[in-house]
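Single-structure report; data block below.
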Amino acid sequence: MSDKKKLVFSGVQPTGNLHLGNLLGAIKNFVSLQKEMECIYCVVDLHAITVMQDPKKLKENILETTASFLASGLDSDKSIIFNQSSVSGHAELAWILNCVARLGWLNRMTQFKDKAGSDKEKASVGLYIYPNLMAADILLYKATHVPVGADQKQHLELCRDIAQKFNNDFSCENFFPLPEPLIQKNISRVMSLRDGTKKMSKSEDSDYSRINLKDTADEISKKVKKAKTDSLPIPETEKELEKRLEALNLLNIYSEITNKSLKEVLKEMSGKDFSYFKNKLSEVLVDSVCPIGKKIKELMSDKVYLQKVLIKGKEKASKKAEENLKKIREIVGLL
Ligand code: AQP
């Protein structure tokens, strides 16, 4: 495929403070891709309302997620940056795809099971069909590449199944491309600082489980100091880390931030105790995260500017979406 035809789409939910998991698992990749390909990055506010949001806070979070994109290095002249609900084609295509996707496919989605918890009957219908909306987000632009954290891999596979079924059902071979997930190799899932079996998440109750992009140097140091580890020193080999999930997570974070392989990090740190390593980790985190946090705060003091960025993105996105939707309506037989 020529570079011209490649198109990147991805989104982040405006559900609160963005954290190190969002940065290392997704946004870092967004930034490097904008140098190579045409990219569309979306603040997915319609996804956010699949669980109840305080309307005032949601508005603020949409702007703050936009500020976080810009502060992390996204450029609104190079990439299309907008919020999902401003382009109504996302909801229209989602409805069409609701009629293509099968119940059995959605029943297999593990994120719904995790987020709905033990009482699924009380979850919103929106939360259940969230992956169909995600498929619509991507297919509306005929995106070919989707940078995401490993937690979104299953939803991407579903998107490919939906695209394939649409192409077969309506006899329009290759109409929708089958999008490829782009998952970071070294750190595809940043884990909670309190529990190495859970991913770092905005909605986790304890703020000590995550490093937020807006955390101060002091907060980062405190969180790293309190991060769960074990009593053994840092080992020499990756094999010895297999069952030490919290230690592995911290070492992986250090490796990603310093651009060193885990092997190199172990060479540097083996035999040292965690208090020594945690000091080093705090230093590199403060150096890389605090400038982003400072920029987010600066950008949030000019909300008019942030709104202008979103409007500019909406205009570009709407044009592309409408061109594709015209063809989709025609294929489906809608007048
Ligand atoms: N811990 C993580 N490690 C690696 N990647 C992650 N992502 C999220 N958490 C991690 C990736 O960030 C992108 C945006 O995610 P999102 O905010 O839209 O949704 P999410 O995956 O549901 O993230 P959270 O933080 O867990 O949000 P809440 O708590 O609101 O549900 C995605 O590419 C995701 O893979």
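Counting convention: from 1, in listed order, for ligands and their atoms alike. Worth knowing before you read on, the calculation uses all heavy atoms, side chains too, and leaves out hydrogens, waters and symmetry mates. Residue numbers run from 1 in the order of the sequence given.
By the 3.5 Å distance cut-off applied to N or O atoms, Pro147 is not counted among the residues near ligand 1. In terms of polar-atom proximity, defined here as any N/O pair under 3.5 Å, Gly21 does make such a contact with ligand 1. Taking only nitrogen or oxygen atoms, main chain and side chain alike, Lys199 reaches within less than 3.5 Å of ligand 1.
Interface atoms of ligand 1 facing Arg189, defined by a heavy-atom separation under 4.0 Å, are 3 (N), 4 (C). Which parts of ligand 1 touch Gly25 is read off a 4.0 Å heavy-atom cut-off, strictly below it: atoms 4 (C), 5 (N). Near Val148, the atoms of ligand 1 lying under 4.0 angstrom from a non-hydrogen atom of the residue are 33 (O). Per-residue contacts place Ser203 under 4.0 angstrom from the following atoms of ligand 1 (heavy atoms of the residue considered): 28 (P), 29 (O), 31 (O).
Between Phe277 and Tyr254, the ring center distance clears the sub-6.0 Å criterion. Between His155 and Phe112, the distance separating the two ring centers is not shorter than 6.0 angstrom.
Residue, atom and distance of the protein heavy atom nearest to atom 33 (O) of ligand 1 are Gly149 N, 3.2 Å. The single protein non-hydrogen atom nearest to atom 34 (C) of ligand 1 is Asp151 OD1, 3.5 Å, given as residue, atom name and distance.
In this structure Asn61 satisfies the side chain to side chain donor-acceptor pair (under 3.5 Å) test with no other residue, sequence neighbours excluded.
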Residues 175-188 side chain polar contacts: donor-acceptor under 3.5 Å, at least two apart:
residue: Gln184; atom: NE2; partner: Leu24; partner atom: O; Å: 3.0

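Counting only N and O atoms by type, the side chains of Asp218 and Thr216 include no donor and acceptor under 3.5 Å apart. Between Gln84 and Asp137, the side chains place a donor N or O and an acceptor N or O closer than 3.5 Å (distance only, hydrogens not considered).
With atom 30 (O) of ligand 1 as the reference point, the heavy atom nearest to it among Asp114, Thr15, Leu156 is part of Thr15.
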